[in-house]
*Asks:* 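Take this structure, written in structure tokens, and hold onto it; I'll ask about it next.
As the structure is a computational prediction, the values presented were derived from the model and not from experiment. Start at 1 and go down the list; that is how both ligands and their atoms are numbered. Each residue takes its place number in the sequence, starting with 1.
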Amino acid sequence: MTGDRQALRLTVLAGDGIGPEVTGAALHVLETALQSAGIDLVRSPQLIGGAALDATGDPLPEASLSAACSADAVFLGAVGGPAWNSAPVRPEAGLLRLRSGLGAFANLRPVRVWPGLEKHSPLRPEVLRGADLLFIRELTGGIYFGRPKGVAGEAPNRHSVDTSEYSEMEVRRAAEVAFRAARQRRSKVTSVDKANVLATSQLWRQVVTEVGQEFPDVSLEHCLVDSFALRLLQQPGAFDVVVTENLFGDILTDEAGALTGSLGVLPSASGGGDGPWLYEPVHGSAPDIAGKGIANPLGAIATVALLLRLTVKREELAAAVEEAVAAVIAEGLLTPDLGGSESTESVTEAVIRRLPVGAAA
Ligand code: NAD
Ligand code: IPM
Ligand code: MN
């Protein structure tokens with residue numbers, strides 16, 4: 001935040017597929033919320049993903065990374081899509097470099113079931129009751145960043161390799177985020193690993209246990225990832241904060257997305273290092289619905305609430321956005337992924353009308 005009149009300098013990486021659609025919606029909500037507090041939104045749109053590949057040959061051009069690193073916060077829509085399936089560099093590689101370049105090692109993915117969406121969950125209401133989780137996904141280590149990687153050789157003798165590596169420091173700092181978050185919630189951490197097979201998970205379990213001893217007021221349980229995937233469907237209400245490595249966190253949060261009715265409603269925020277925080281909905285570029293104007297904007301809009309809470313540090317603005325989202329859902333104004341017939345734009349406008357300042361706008 002800079003200047004006489006307060007301003008939020010936001011690097012905007014809309015990306016591919018529905019990325020630009022949900023980003024437009026989110027920024028409209030953000031601008032309205034900031035206006036009510038006399039804060040200007042200064043946007044710096046930059047290229048990432050397939051759009052950046054097409055324009056520059058690089059999924060994260062230097063200009064995008066340096067703009068992101070010097071912003072107050074970064075907002076990302078989504079990257080990737082079938083158009084780049086056989087590209088030598090994938091759009092997704094740009095996102096990984098961005099996360100790493102920002103030092104965004106802790107990915108916060110809250111999972112809640114908005115009242116009114118229970119009937120869209122595949123779980124029965126009595127199973128779903130009490131589900132309110134916060135995933136802390138380690139985001140800049142593990143198999144996503146292992147070396148060497150790639151496919152080599154000629155058919156039928158091709159081979160490929162991915163490696164997973166974690167240092168004690170990487171596990172410790174992710175665990176610390178989880179325990180600190182648990183203190184603000186229900187004081188329970190579940191650490192998810194595959195310690196019966198993987199060396200990285202054995203280290204993960206040891207280090208998380210040691211960090212847990214520094215937080216005696218927070219209870220800690222360890223759970224193997226396969227049985228956690230099962231328990232998440234059987235008793236989602238049994239968990240509070242869940243901390244896990246990069247790949248497991250990716251998979252389990254999509255699973256958790258189903259519980260809430262649609263992946264399209266899940267928000268996320270990533271940070272922890274020296275760089276600005278990165279805000280992105282959990283979902284991808286959804287090529288199957290891109291360009292139709294029907295993408296659910298609520299994950300991106302709920303991500304705006306996280307930005308207002310964590311970067312702008314205005315809890316009342318964050319709460320106002322979440323209340324507006326809750327009201328829109330309660331009134332049944334839903335996009336097709338939730339069985340409705342609203343558009344991205346009409347849902348966004350409905351959210352804005354329910355913001356204290358939006359009603360007057
Ligand atoms: P996806 O998340 O894009 O879509 C999965 C399903 O959820 C699809 O049926 C889609 O229509 C639906 N969906 C997702 N977001 C929605 C929304 N906001 N509203 C309504 N429905 C929504 O996953 P995918 O199809 O496996 O991946 C497509 C591309 O997106 C891939 O290239 C993948 O790498 C990329 N991806 C990017 C990110 C990111 O940029 N953060 C995240 C996940 C996937
Ligand atoms: C996510 C996505 C990304 C990930 C991809 C696009 C690199 O699935 O943000 O969940 O795996 O982290
Ligand atoms: Mn994912």
*Asks:* What residue and heavy atom of the protein are closest to atom 1 (C) of ligand 2, and at what distance?
*Replies:*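 Result: Arg109 NH2, 3.5 Å.
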*Asks:* Taking distance alone, with N or O pairs closer than 3.5 Å, would you say Gly81 contacts ligand 1?
*Replies:*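 It does: an N or O of Gly81 is found under 3.5 Å from an N or O of ligand 1.
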*Asks:* Restricting to N, O or S, what is the name of the atom of Asp250 that lies nearest the Mn ion (ligand 3)?
*Replies:*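 That would be atom OD1.
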*Asks:* Among protein heavy atoms, which sits nearest to atom 11 (O) of ligand 2, and what does the distance come to when rounded to 0.1 Å?
*Replies:*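 Here the closest protein heavy atom is Tyr144 OH, 2.5 Å.
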*Asks:* Considering only non-hydrogen protein atoms, determine which one is nearest to atom 6 (C) of ligand 2 and report residue, atom name and distance to 0.1 Å.
*Replies:*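 Residue, atom and distance for the closest contact: Glu92 CG, 3.5 Å.
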*Asks:* Write out the residue and atom name of the closest protein heavy atom to atom 8 (O) of ligand 2, then the distance separating them to 0.1 Å.
*Replies:*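 Here the closest protein heavy atom is Asp250 OD1, 3.2 Å.
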*Asks:* Give yes if a backbone or side-chain nitrogen or oxygen of Arg90 is under 3.5 Å from a nitrogen or oxygen of ligand 1, and no if not.
*Replies:*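 No, Arg90 has no N/O under 3.5 Å of an N/O on ligand 1.
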*Asks:* Any idea which protein heavy atom is nearest atom 9 (O) of ligand 2, and the distance to it?
*Replies:*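 The protein heavy atom lying closest is Arg99 NH2, 2.6 Å.
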*Asks:* Of the side chain and backbone of Arg90, name the one, both, or neither that has a heavy atom under 4.0 Å from an atom of ligand 2.
*Replies:*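 For Arg90, there is no contact with ligand 2 at all, from either part.
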*Asks:* Got a protein heavy atom sitting under 4.0 Å from atom 17 (C) of ligand 1?
*Replies:*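 Yes, at least one protein heavy atom sits under 4.0 Å from atom 17 (C) of ligand 1.
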*Asks:* Mind checking whether Ile294 has an N or O less than 3.5 Å away from an N or O of ligand 1?
*Replies:*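 Looking only at distances, the answer is no, because the N/O contact criterion of under 3.5 Å is not met.
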*Asks:* With only distance considered, is Val79 within less than 3.5 Å of ligand 1 through an N or O on each side?
*Replies:*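 Looking only at distances, the answer is yes, because the N/O contact criterion of under 3.5 Å is met.
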*Asks:* Is Arg99 in polar range of ligand 1, meaning some N or O pair under 3.5 Å apart?
*Replies:*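 Not met; the criterion fails.
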*Asks:* Please could you name the atoms of ligand 1 that Leu263 approaches to less than 4.0 Å, counting only its heavy atoms?
*Replies:*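 What qualifies from ligand 1 is 2 (O).
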*Asks:* Any N or O of Ala286 that comes nearer than 3.5 Å to an N or O of ligand 1?
*Replies:*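 Yes; the residue has a nitrogen or oxygen that sits under 3.5 Å from a nitrogen or oxygen of the ligand.
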*Asks:* Verify the ring-centre separation between Phe228 and Phe248: is it less than 6.0 angstrom?
*Replies:*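 Ring centres of Phe228 and Phe248 not closer than 6.0 Å.
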